[in-house]
Amino acid sequence: MKGPIPEIPAPIWRNFKDLQEWELLHKTRPVDDKHSVLFESVTEGIHSFPGGFVVTTAADAFLNWARKSSVWPVTFGLACCAIEMMATFCSRFDVERLGMVPWASPRHSDLMIVSGTVTIKMAPMLLRIYEQMPDPKWAVSMGSCANSGGPFRHGYHVVKGVDRVIPVDVYVPGCPPPPESLLNGLLLLQEQIKHFKRTGQRAAPNEKVD
Amino acid sequence: MSPDDARSAIGARFSGAEVGTGTPLMVTVAPGHWAELAGFAKETLGCCFFSFLTAVDWKEQGLEVVAKVDNLDDGLAVMMKTRLGPGVSTCASLTPIYRGANWMERECWDMFGIRFDGHPDLRRILLEDTWEGHPLLKSYAVDTPHPPYR
Amino acid sequence: MSGYLSVVIYLGFILAFALVSLGAAWVLSPHRPLVGSKSNTYECGAEPVGEAWVRFPVGFYLVALIFIVFDALAVFLFPWVLVLRTLGARGLVTMVLFIAILGLGWVYAYRERILEWQ
Amino acid sequence: MLDQSTVARVELDWAGPERITMNMGPQHPSSHGVFRAIVTLEGETVVAVDAVIGYLHRCHEKLAETLTYAQYPSIASKTDYVAAMTSEFAYVMAAEEIGKVEVPKRAQYLRVICAELQRVASHLLWLGTWCMDMGGALGGGATIFLYCIREREDILDLFESLVGARLLYGFYQVGGVRYDLPDGWAAQCRATIDRIDQRIGEYEQMLEQNPFFLARAKGVGVVSRELAQDVGIAGPLLRGSGIPWDLRRTAPYSSYEDFDFRIPVETDGDCFARYRVRMVEFREAIKIVRQALDKLPAGPISSRPALKSVAQIRIQKGESYARVEGPRGEVGCYLIADGSAKPYRMKWRGASFSNLSILPHIIPGHKVADVVAIMGSVDPVFGEVDR
């Protein structure tokens with residue numbers, strides 16, 4: 001018996017054609033995300049007791065609190081927003097207060113802040129780095145270039161927004177967004193992680209929305 | 001080497017070249033003398049600082065290659081130009097003379113489709129090798145959609 | 001023989017710690033299929049070029065050898081320090097001899113300039 | 001280790017160490033942006049480098065043909081986004097040269113003040129990231145990085161109170177500048193640059209007595225005088241190799257001739273020489289800002305009326321090449337105008353593009369750790385390399 005799927009709040013941009021599919025992808029549970037047999041039997045056992053859900057949701061809250069308070073961003077700077085991201089990582093707008101240690105390798109990090117313009121030559125690299133990050137992982141699109149191509153949207157070599165390459169959780173507007181608005185985006189991400197599903201539910205990016 | 005005796009030296013050497021006035025000395029030569037002019041500028045005029053090399057697409061009149069070299073000691077700047085003629089897209093390479101021209105000529109091939117013969121390895125520098133078309137030509141639309149990321 | 005009971009218990013703790021932490025990770029975490037290039041070697045986002053199974057220059061191995069020499073020295077130093085008071089002067093002399101012999105190895109390495117990278 | 005003859009005999013049938021090709025790829029802590037170097041290694045020494053750029057090619061030159069003269073300066077600041085003021089400067093000067101647009105004296109002084117403050121901010125970022133590359137990202141090396149970014153924040157505050165933006169401004173427009181100094185800005189600016197001037201001395205003291213820094217910077221990445229000119233590198237790299245070429249002195253623009261400042265020149269052309277040149281440039285830029293603040297004339301800040309509204313600027317037919325001494329070298333803009341409100345062709349001579357093209361010439365023979373130090377001392381910004 002699987003727990004109830006949380007209702008994702010209705011976003012304002014739901015009428016855009018591309019993003020409907022993306023949202024659909026986000027809501028459907030990946031069929032191949034199975035769990036170890038031992039865990040399934042243990043949770044079945046707990047749920048059979050009256051009030052069993054309380055135990056699992058409490059465990060969820062604890063796990064999500066742990067995930068939320070130590071999200072490690074991979075230092076993935078592309079363009080001008082990377083300089084503002086560096087300013088956010090430094091001592092004046094310190095992200096280490098939020099438990100975020102800027103880490104160089106995607107193998108040890110949970111969050112990818114796409115700061116800068118994603119070009120067609122860079123997109124496969126960006127996808128490879130995102131795939132090489134261990135699950136559960138999140139993506140923050142920083143700056144209007146990553147959100148929608150920004151001032152270079154009509155360039156032939158520019159991908160019109162990073163959500164055509166990887167699923168994005170939080171969009172931070174601005175060109176470049178000042179560190180305060182990036183911090184606001186990261187806090188929004190931490191809010192989102194709080195409602196994280198029990199078993200680390202994250203839509204596997206198996207097919208990209210084009 | 002002040003600008004006016006540089007102008008007279010160029011005039012003497014290249015009869016067909018029009019030499020303009022003004023701070024960067026504009027020298028327009030036929031495509032045949034292109035490498036020769038660059039060698040001349042480097043040896044006799046002493047312009048051994050290679051500033052940049054680019055191309056301009058004049059639609060019907062064809063492509064034009066522009067290069068700028070400076071003489072740092074006397075402050076002399078020479079802007080060399082050659083009109084490749086309509087439909088022609090090959091030009092002599094300056095890489096044997098100025099090593100700085102290597103990347104700039106690869107960019108001109110990438111953006112304008114000008115083949116520089118004599119260039120050690122002419123391949124695309126800014127776009128991927130599988131990219132078709134040369135974007136900075138006037139015939140190339142700005143927002144040409146390229147799968148898979150429209 | 002009774003002295004060794006505590007060592008066995010200690011070994012048990014080591015094994016238990018390893019098994020429990022790995023087991024909990026395996027049980028609790030979701031098993032996500034390896035999507036795309038997740039299992040490829042990470043090379044700054046690019047496709048790895050060539051393969052790394054090549055003959056390394058010998059300098060790397062020599063550095064490892066010298067490390068082993070001094071690691072063995074450290075391994076013997078720790079228990080020796082704990083019982084130094086009971087051993088008295090005789091223990092001190094034997095350890096000084098031991099370090100002198102290993103010092104010969106270090107002098108040889110220094111003279112052969114093994115650690116200076118050509 | 002063994003004497004040469006035995007080594008030769010051992011390696012005869014053993015064929016020596018093989019080579020590995022490795023990516024110091026687009027996402028790398030020391031690549032200062034998206035630069036991929038395919039490095040062929042023999043053990044620790046680099047044998048060959050193939051630089052792959054273009055990961056940040058944002059079609060600047062094609063977009064410039066579709067944007068008017070008033071729209072493009074704020075996009076121009078995205079080429080060299082670490083020194084946004086100096087990249088707009090070149091575009092605007094090229095347009096003014098063709099259109100014979102006269103720039104009032106006060107606007108010229110404001111431009112000089114902002115360009116020199118931007119030079120200090122850009123050098124601070126260079127020093128911070130370079131020392132982080134040299135000292136280990138999370139180890140001891142991050143101290144200078146945090147100090148430098150703290151000073152840089154003060155300068156960004158100045159720009160924020162002047163223009164409203166922290167990093168990319170549309171401050172320069174054809175004919176002058178867009179904003180005038182708010183009152184009290186000059187005093188705040190003097191206080192900031194005095195503090196930075198005193199702190200630069202601390203950084204020099206910290207670095208130049210640090211044997212690790214000297215071991216990794218001295219004698220690494222030597223660029224000869226002849227190679228420097230042949231490849232066309234400019235700015236601190238050129239002055240580090242012994243050529244006293246600074247556009248602010250040899251071809252003064254925007255009333256640079258009113259200020260006296262020294263051009264630092266070092267002769268041995270290695271990473272330490274480039275570091276010395278930039279450290280002296282800190283002080284020279286601060287000196288210029290002080291003099292410009294003292295002699296700031298009154299008057300209009302732009303020769304075109306109602307500049308705030310994005311009115312159409314029409315530049316008559318013509319072409320010109322304007323160049324500016326940016327923190328990384330000569331930033332040039334070759335502009336061809338055809339009388340309409342948009343340029344016909346705009347070529348951006350990025351200083352970092354030529355500076356970066358020196359890497360394949362000087363890196364072979366160094367260790368992998370030196371590659372990091374050399375890339376940091378060349379200080380490329382990839383908005384300007386890939387345009």
Side-chain angles (χ1 to χ4, degrees), chain A residues 74-94 96 101-106 109 112 114-126 128-130 132-133 143-145 149-159 174-181, chain D residues 23 25-34 36 52-63 66-67 71-72 74-75 77-84 121-122 125 128-129 132 137-138 142-143 145-150 152-154 156-157 160 164-168 381-383 386-387:
Chain A
V74 63
T75 50
F76 185 72
L78 291 169
C80 349
C81 292
I83 310 291
E84 283 296 79
M85 190 174 75
M86 271 200 277
T88 322
F89 288 164
C90 277
S91 44
R92 181 176 177 185
F93 302 96
D94 201 351
E96 307 233 353
V101 177
W103 203 255
S105 140
S109 41
M112 169 190 267
V114 182
S115 55
T117 319
V118 183
T119 57
I120 291 182
K121 193 173 184 179
M122 191 63 194
M125 306 274 179
L126 184 130
R128 188 170 298 123
I129 289 172
Y130 182 77
Q132 285 175 349
M133 284 161 68
S144 47
C145 282
F152 304 103
R153 185 178 172 78
H154 300 298
Y156 46 86
H157 195 234
V158 173
V159 174
C175 175
E180 297 93 347
S181 72
Chain D
N23 280 307
Q27 193 260 341
H28 188 276
S30 81
S31 68
H32 288 266
V34 275
R36 173 177 167 202
V52 181
I53 57 173
Y55 289 107
L56 198 59
H57 174 55
R58 303 190 273 199
C59 340
H60 264 281
E61 292 171 3
K62 190 78 176 179
L63 283 180
T66 62
L67 293 174
Q71 286 170 331
Y72 187 72
S74 59
I75 306 289
S77 59
K78 292 170 178 50
T79 51
D80 181 352
Y81 42 77
V82 176
S122 164
L125 190 86
T129 42
M132 192 158 83
L138 294 175
T143 41
F145 181 68
L146 295 176
Y147 288 154
C148 288
I149 301 292
R150 176 192 60 185
R152 187 182 149 86
E153 290 291 333
D154 301 344
L156 295 189
D157 288 349
E160 197 166 359
R166 274 170 55 90
L167 193 75
L168 305 173
V381 173
F382 282 89
D386 301 340
R387 286 179 307 283

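The sequence lines fix the lettering, A, B, ..., with proteins before strands; numbering per chain opens at 1.
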Fill in the blank from the handout: Most heavy-atom pairs under 4.5 Å with chain A, out of D:His28, D:Arg150, D:Lys78, belong to D:Lys78
Exercise for the section: Just give me the residue among D:Ala84, D:Gly383, D:Gly54, D:Cys59 that pairs up with chain A most often, heavy atom to heavy atom, under 4.5 Å. Expected result: D:Cys59
Practice task
Measure distances from D:Leu146 to the heavy atoms of chain A and classify the residue's part below 4.5 Å as side chain, backbone, both or neither.
Solution key: both
Completion exercise
Counting heavy-atom pairs under 4.5 angstrom with chain A, the leader among D:Ile75, D:Leu56, D:Leu125, D:Val82 is D:Leu56
Handout entry: Residue A:Phe93 versus chain D: region with a heavy atom under 4.5 Å
Key = side chain
Fill in the blank from the handout: Across all chains, not counting sequence neighbours, the salt bridge (charged side-chain N to carboxylate O under 4.0 Å, His left out) partners of D:Arg58 are none
Handout entry: A:Ala79 versus chain D, the contacting section by heavy-atom distance below 4.5 Å
Key = both
Fill in the blank from the handout: Max heavy-atom pairs within cutoff under 4.5 Å with chain D, candidates A:Val74, A:Thr117, A:Leu126, goes to A:Thr117
Exercise for the section: Check A:Lys121 against A:Met125 and note the closest heavy-atom contact, atom names and distance. Expected result: O-CG, 4.1 Å
Exercise for the section: Below 4.5 Å from any heavy atom of chain D, which atoms of A:Ile129 appear? Answer side chain, backbone, both or neither. Expected result: side chain
Completion exercise
The reported gap from CZ in A:Phe89 to CZ in D:Phe145 (rounded to nearest 0.5 angstrom) is 9.5 Å
Handout entry: Which residues share a salt bridge (charged side-chain N to carboxylate O under 4.0 Å, His left out) with D:Asp386, sequence neighbours left out
Key = none
Exercise for the section: Starting from the C-alpha separation in whole Å, work towards a yes-or-no answer on side chain to side chain contact (heavy atoms under 4.5 Å, CB included) for A:Thr119 and A:Phe152. Expected result: CA-CA 10 Å; A:Thr119 57; A:Phe152 304 103; over 6 Å; no
Handout entry: Selection from D:Ala165, D:Gly25, D:Pro26 maximising heavy-atom pairs under 4.5 Å formed with chain A
Key = D:Pro26
Practice task
Name the region of D:Thr129, side chain, backbone, both or neither, that has any atom closer than 4.5 Å to a heavy atom of chain A.
Solution key: side chain
Exercise for the section: For this output row, return yes or no: ring centroids of A:Tyr156 and D:His57 closer than 6.0 angstrom. Expected result: yes
Handout entry: Side-chain touch A:Pro176/A:Ile83, heavy atoms, less than 4.5 angstrom
Key = no
